[in-house]
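Here is how names work: the chains are called A, B, and so on, in the same order as the sequence lines, proteins then strands, and each is numbered from 1. What's counted below: heavy atoms across the whole structure, side chains too, no hydrogens, waters or symmetry copies.
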Number of protein chains: 2
Amino acid sequence: MAEHDRADDRESAVETIQRELTSFARRARATAARMHPELSLVSFTLLSHLDEQGGCRATDLATHYALDKSTVSRQVSALERAGLVARRVDPDDHRVQVLHPTAAGAEILAQVTVSRRQMFGERLADWAEDDLTRFARYLERYNEASRAADEA
Amino acid sequence: MAEHDRADDRESAVETIQRELTSFARRARATAARMHPELSLVSFTLLSHLDEQGGCRATDLATHYALDKSTVSRQVSALERAGLVARRVDPDDHRVQVLHPTAAGAEILAQVTVSRRQMFGERLADWAEDDLTRFARYLERYNEASRAADEA
DNA sequence: CCACGCGGGTTGTAGAGTGCAACCAGCGCC
DNA sequence: GGCGCTGGTTGCACTCTACAACCCGCGTGG
């Protein structure tokens, strides 16, 4: 009957989404590393966040990206060693460090962002704009649900 | 002018797609590990491929998933130790080993597949079917372009 | 026929990324 | 002033990964 067919269609769409997202995830890290060895996927994400937010605390990064605080601590240390971020102690609360991208950090970030955008742009070059915006909306929607589920 | 605006829209859609895909990729591994510690994301993918294809060679896995052959070798070793895959020497060419999931492997794979599908299903529960199928199509399309670009 | 090149796999090594647990250091509230 | 909480670091262990060097079986051209 028709209801059953529709349930099957739904199942198979979910199946495809699962398979394709997983497949993408497997490749992403390696691709990113190959493209710009100087800034791993995680580092890029963190630095990018700092740039957008205009500085934040390590704990914020950890919770926002579902990473352990130790992981963030080490990543930040590495970024600092590389001269890409600076830490400033918050005068109001001497426990917290406010993180900022340095000038060098902002510059590298800009370069990597450009090259990443170019890469994505190439892969999406022949898409109609409607499809692009819909795709973007779907991804946002999925990730939002995903984040919500992770927190529960 | 209108043309400029449309170019901007395009840019921003690409930007969002980039950001959201990256964000997803970062989480995927950890999420997968948390869900079923007995089968990592890579192992799942490889085992899944073996199951679908009904057996193949290690080299095929390596090229298909853009992994080093040593990586595949070790993953397969682990899967064999766990009793989830079996290796048979190809009678025609004694260099190659044909890999198959064992009964236990097929069973675990089925379980994990179910739990993964359930997870994705939950996250996508309130989506209209049209959106699901479109999202699935977009992802396939993107990954295809991505694979093609990687090979070049 | 056999030596060499090639292709499939394994192993040694090294390094990134990660989480957990234990710890230290400020902060604030009894 | 002590106790608990929060932000952060460090020690440890583990997985995933690539690269390089290697071994073995296959086939082809002297």
Test item: A:S146 side-chain N/O and A:Y142 main-chain N/O as donor-acceptor pair under 3.5 Å:
no
Roughly how many Å is it from CG in B:L67 to P in D:dA18, rounded to a whole number?
5 Å
Give, ordered by number, those residues of residues 80-98 of chain B having at least one heavy-atom distance below 4.0 Å to an atom of DNA chain C; if nothing qualifies, reply none.
B:R87, B:R95, B:V96, B:Q97
Out of the candidates B:L61, B:L79, B:D60, B:V72, only one should pair with B:L99 under the side chain to side chain contact (heavy atoms under 4.5 Å, CB included) rule; please name it.
B:L61
On DNA chain C, compare the nucleotides closest to A:S40 and A:K69; which residue's is nearer the 5' end?
A:S40
Could you state the CG-C1' distance from A:L99 to D:dT9, rounded to the nearest angstrom?
14 Å
Which part of the nucleic acid does A:S77 contact within heavy-atom distance under 4.0 Å: base, sugar-phosphate only, or nothing?
nothing
I want to check one thing: is the phosphate of C:dG19, taken as OP1 and OP2, less than 4.0 Å away from some side-chain N or O of A:T71?
yes
Can you measure B:Y65 atom OH to D:dT17 atom P for me and round it to whole angstrom units?
13 Å
Is B:I17 linked to B:L132 within one hydrophobic cluster, defined over Ile, Leu, Val, Met, Phe, Trp and Tyr using a side-chain heavy-atom separation of less than 4.5 Å?
yes
Nearest-0.5 Å distance, CD of residue A:E38 to CG of residue A:L84:
9.0 Å
Remember a base hit wins even if backbone is also touched, and classify A:V42 as base, sugar-phosphate or nothing at under 4.0 Å, heavy atoms.
sugar-phosphate
Separation of D:dA20 P from B:D68 CG (nearest whole Å)
10 Å
With a 4.0 Å limit, can you tell me whether A:Q75 has a side-chain N or O closer than that to the phosphate oxygens OP1/OP2 of C:dT18?
yes
Please classify the nucleic acid contact of A:R57 as base, sugar-phosphate, or nothing, using heavy-atom distances under 4.0 Å.
sugar-phosphate
Is the shortest side-chain N/O distance from A:T59 to OP1 or OP2 of D:dG8 below 4.0 Å?
yes
Reckon A:V72 touches a base, only the sugar-phosphate, or nothing at all at heavy-atom distances under 4.0 Å?
nothing
Whole angstroms only, please: what is the CG-C1' distance between B:L39 and D:dC16?
14 Å
Pairwise distance CG(A:L39) to CG(A:L46) - rounded to 0.5 angstrom
9.5 Å
Count the heavy atoms of every other residue, nucleotide or ligand shown that sit under 6.0 Å from CD of B:E144, and state whether that count exceeds 12.
no
Whether A:R134 engages the ring of B:Y138 as a cation-pi pair (distance to the six-membered ring centre under 6.0 angstrom, angle to the ring normal within 45°) should be assessed.
no
C:dT11 OP1/OP2 closer than 4.0 Å to side-chain N/O of B:S73
no
To the nearest angstrom, how far is A:R74 atom CZ from D:dC12 atom C1'?
9 Å
